[in-house]
Protein chains: 2
Amino acid sequence: MQESNFKIVESDIPQVSDGEVLVKNLYLSLDPYMRGRMNEGKSYAEAMRISDVMVGGTIGVVVESKSPDFKVGDIVLGYFGWQLYGLSHGRGLLKIPTSDVSLSAYLGVLGMPGTTAWVGLNMIGEPKAGETVVVSAASGAVGSVVGQLAKEKGCRAVGIAGGKVKCDYVVDELGFDACVDYKAGNLKENLLKAAPNGIDIDFENVGGEILDTVLPQLNPHARIPLCGFVSQYNVDQPYALRHFDAFLISRVKLQGFIVGEHMDLWPQANKELAQLYKSGRLKYRESIAEGLENAPKAFIGMLKGENFGKQLVKLADL
Amino acid sequence: MQESNFKIVESDIPQVSDGEVLVKNLYLSLDPYMRGRMNEGKSYAEAMRISDVMVGGTIGVVVESKSPDFKVGDIVLGYFGWQLYGLSHGRGLLKIPTSDVSLSAYLGVLGMPGTTAWVGLNMIGEPKAGETVVVSAASGAVGSVVGQLAKEKGCRAVGIAGGKVKCDYVVDELGFDACVDYKAGNLKENLLKAAPNGIDIDFENVGGEILDTVLPQLNPHARIPLCGFVSQYNVDQPYALRHFDAFLISRVKLQGFIVGEHMDLWPQANKELAQLYKSGRLKYRESIAEGLENAPKAFIGMLKGENFGKQLVKLADL
């Protein structure tokens, strides 16, 4: 994928009809799942067609309202995609408070990525104190929350990330017990050192060779919340997994999930995440690209791991 | 593996001490899991060493008893392995009734294989009426029970088996809705025809290429009870799985299990299986080799799919 696969199109700001609101988008969330929508073929969501607006979560401000439910100046979490303005009947728009935390957090630690971490770890991982939790893409929007939640549960948290800078951040800032730099080579040996008692939970964000290295190190009755395959979204040939036998040898439970199918768990997740975040115990980092025109470059970079923390695009000032 | 990897050793029949019983084994069960015990390296059970007696479930008759719990003539289910006599303190020996069904059924449909089918299908598969259940090694000791239990639950049962004779048996005798002959080629297309509404449960006995063909045909929220990898036990290079992305695309739950870790479910499983079997609704077929000297040949043949139904060795007459 290249920037030339994207095109910026200008059109008129839409007219607002009765019951509708017009939102000026302030932040756009960039997330790995978007890459899957760009493929033909089976996915968990309908594929986009060429010339569709790219999908994506957004934070924006209501600039015109003919809806009784919203007034000008309301800050709303929406799903308007890669565009500067969005028109809505109000369904799916969530008003968010403006005073307590930075608005962009609602696209990250308090939004879909944070909730993904909470749901996967708790619902599928079922962590118990003393267990070892490994998470790939550990400095990212989901992984960083997984490790910190694992620590809250009394687990040993081991990250996997690309490069010394990210690994240092994961240990020194986020408080993981260890972090393995997959770009440094010897992943197997370094992971054995970082998780000397074996792995009880592998929160899987990347798939491919990293997953294949984790599998033989799983303990009996290990669990794998499977959340993403970021290593596989942009390749021609999928990585062929050699250590699938570990699922039987260690009687592993694996479950693929998307957080949008577990809306019943969002209120509890968001409450816990907000408490931890506001108390300063849940740390969080963002990479913010400036301007819609830089979204393709930021997105492609994120799929290569060039971002550091949650990737956003700032579209406009409040 | 070859017959020359086995050796028959004669030794004296052991002396019976206080509290012990001597059992003459009548039937030996041959099961794919035994192949895993013969490998070096990590498994869910301790590897055997060279010159150990091969492990295995047995049905036998007590021929001498210095235990208050057993008397001469009692029929017992044990785990004496590949030998003609076994000595026991009585722990792990289960007395079984002699009048109602053939003794060998306690090594098959009413024993470990039948219970494996019941536990995997119900505990992990959670079948609902109208769903499609696919099971590989469908004419075997586990698979044949899986499909028949799925039919009892109101599911569409689709078998995968090797050769027309086995497939005809699976449909005509066991009552599956369809059976795909993996040896006939075009597995993908034939499976699409046999499971036109997609696959909700894949009871996995074989792994490898068959599993890789099943994965893209899974429906959203499909479940995979993972019970064995018989296609992989006797190969130098494990098959590398290409369609692992299906676990995310279809939000699949997979769980590897061994039935011995779910003893709490055995009473209910055995009660239901015995009821179905005695009423004639649970059909069951055996391949019986004659004599311990033929066990290696029968075992190697079973790993190649040369058996037809549950593989046993008859060691002695009652």
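When reading the values below, keep in mind they use all heavy atoms of this one structure, side chains included, and skip hydrogens, waters and symmetry mates. Residue numbering restarts at 1 for every chain, and letters A, B, ... go by the order of the sequence lines.
Taking all atoms of both residues into account, the shortest heavy-atom contact from Leu226(A) to Leu248(B) is O-CD1, 3.6 Å.
Using the six-membered ring where Trp is involved, Phe244(B) and Phe247(A) have ring planes that are tilted, between 30° and 60° apart.
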Mind listing the side-chain donor-acceptor pairs of residues 134-145 of chain A below 3.5 Å, one per line with the distance, residues two or more places apart or on another chain?
from	atom 1	to	atom 2	distance (Å)
Ser136(A)	OG	Asn205(A)	N	3.1
Ser144(A)	OG	Gly140(A)	O	2.7

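Going from atom CG of Leu241(B) over to atom CZ of Arg242(A) covers 13.0 Å, rounded to the nearest 0.5 Å.
Atom CD of Glu306(A) has more than 12 neighbouring heavy atoms from other residues, nucleotides or ligands inside a 6.0 Å radius.
Contact annotation for Leu211(A): only side-chain heavy atoms (C-beta onward) come within less than 4.5 Å of a heavy atom of chain B. His243(A) does not touch chain B: none of its heavy atoms, backbone or side chain, sits under 4.5 Å away.
Among residue pairs with one or both ends in residues 187-196 of chain A, none qualify as side chain to side chain donor-acceptor pair (under 3.5 Å); sequence neighbours excluded.
Comparing Ala240(A), Pro238(A), Ala246(A) by how many heavy-atom pairs each has under 4.5 Å with chain B, the most go to Ala240(A). Chain B forms more heavy-atom pairs under 4.5 Å with one residue of His221(A), Glu204(A), Gln237(A) than with any other, namely His221(A).
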